[in-house]
Amino acid sequence: MKNWYMLTFIGKDRPGIVSQVTLALYEGGGNLGEASMVRLGGNFSIMLMVHYEGSADSLEKKMSKVCTVLELQVHVDKIEGELHRHVEPDVRISIYGADRAGIVAETTGVLTEAGLNILNLESDVGGSSDNPIYIMEMEGVAGKGIDSLKSALDKLAEEKHVETRISPINTLMG
Amino acid sequence: MAVFDILIYPDSRLKKVSRQISVVDESVKKFIFDLEETMRAGPPSVGIAAPQVGRFERIVIVDVSVKPDTPNHGKLILINPQINMKQGEVTGREGCLSVPDYTGNVARAETITLQALDLTGESKTYEMEGFEARAVQHEIDHLDGLLFLDRLVSRRNNLFKRKVYK
Ligand SMILES: [Zn+2]
């Protein structure tokens with residue numbers, strides 16, 4: 001069993017964050033696994049799955065210099081993790097509509113009940129400040145089949161006035 | 001009968017360009033038989049290309065007939081395949097026997113017209129679409145030393161993307 005950590009970095013977006021953080025990690029003896037890095041509302045967020053032969057404290061110390069320079073907040077958690085454990089999504093769902101409080105909780109709640117296990121979700125707010133629109137895209141596993149999700153989405157579209165689209169992910173292996 | 005080992009990336013041989021077959025002789029036929037055995041023996045797949053087992057000749061097998069609701073030509077043995085026409089573009093998820101534990105989105109032509117020799121050495125033309133066309137394009141890429149990794153498109157921002165006709 002390897003020593004895996006999840007490192008979370010958050011700070012104001014600026015050029016060079018990714019290269020400087022990953023360089024500090026590499027020089028400190030950390031081994032990068034899967035990662036997610038994304039700009040959210042002018043901030044940059046990084047989640048790194050890191051293999052490291054040492055304690056969480058010592059890993060955090062090794063990242064402290066780069067975090068000071070880049071004004072990043074860092075958080076280190078020990079995790080139970082392994083590489084090569086991908087779960088393949090079999091469905092992609094897109095939902096958009098006028099932005100309002102609770103839209104994500106409402107829609108994902110209904111979908112979870114209809115059997116969806118969300119593997120990744122990206123959402124954004126577009127439109128204008130007077131008329132914001134919420135846009136959401138997710139991939140997941142349809143635990144109760146795609147028809148169950150379809151009828152849940154139809155109901156959502158009707159009751160919550162959102163546009164929905166569902167398409168199977170038919171992965172080609174060759 | 002034999003089941004070959006599949007080359008796994010980063011084996012640099014997967015980047016080699018395969019050569020044309022001049023004659024479909026007994027040794028080619030025997031190889032194709034074993035290539036199909038290999039495809040059926042491994043993880044479920046809808047195609048295989050000769051270079052994936054280390055034989056650098058332009059031979060692929062495609063069979064998408066196991067997929068429900070998918071238009072198809074049954075089992076296709078394609079020797080020296082050549083795509084003469086491509087139309088439309090669709091993004092879909094692909095994985096590869098030579099690239100374990102990773103899948104990604106790849107844009108492919110939606111419909112293609114294809115010419116290839118069959119097992120008897122006769123030249124045939126096929127028109128195909130969708131999943132079958134995707135499988136053929138994936139396998140022909142192997143003949144040119146290309147993997148789906150060479151054609152990845154972002155998972156982000158493909159929201160509501162419709163078919164685009166060029
Ligand atoms: Zn392949």
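Throughout, a chain's letter reflects where its sequence line sits, starting with A, and its residues are numbered from 1. Below, all heavy atoms of this structure are taken into account, side chains as well, without hydrogens, waters or symmetry copies.
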Would you say [X] has more than 12 foreign heavy atoms packed within less than 6.0 Å of its [atom1]?
{"X": "Glu127(B)", "atom1": "CD", "result": "no"}
{"X": "Glu36(B)", "atom1": "CD", "result": "yes"}
{"X": "Asp5(B)", "atom1": "CG", "result": "no"}
{"X": "Asn84(B)", "atom1": "CG", "result": "yes"}
{"X": "Lys61(A)", "atom1": "NZ", "result": "no"}

Working to the nearest 0.5 angstrom, can you tell me the gap between [X] [atom1] and [Y] [atom2]?
{"X": "Ile48(B)", "Y": "Met173(A)", "atom1": "CD1", "atom2": "CE", "answer": "12.5 Å"}
{"X": "Thr91(B)", "Y": "Arg92(A)", "atom1": "OG1", "atom2": "CZ", "answer": "8.0 Å"}
{"X": "Thr103(B)", "Y": "Ile169(A)", "atom1": "OG1", "atom2": "CD1", "answer": "8.0 Å"}
{"X": "Tyr102(B)", "Y": "Glu88(A)", "atom1": "OH", "atom2": "CD", "answer": "10.0 Å"}

Do Gln137(B) and Leu172(A) come close enough that some side-chain heavy atom pair is under 4.5 Å?
no
Part of Pro100(B) within contact of chain A (heavy atom distance under 4.5 Å):
neither
Using heavy-atom distances under 4.5 Å, tell me whether Glu139(B) contacts chain A through its side chain, its backbone, both, or neither.
side chain
Mind listing the closest non-hydrogen atom pair of Thr171(A) and Lys67(B) along with its distance?
O-NZ, 3.7 Å
According to a 4.5 Å side-chain heavy-atom criterion applied to Ile, Leu, Val, Met, Phe, Trp and Tyr, with indirect links allowed, do Leu114(B) and Ile77(B) form part of one hydrophobic cluster?
no
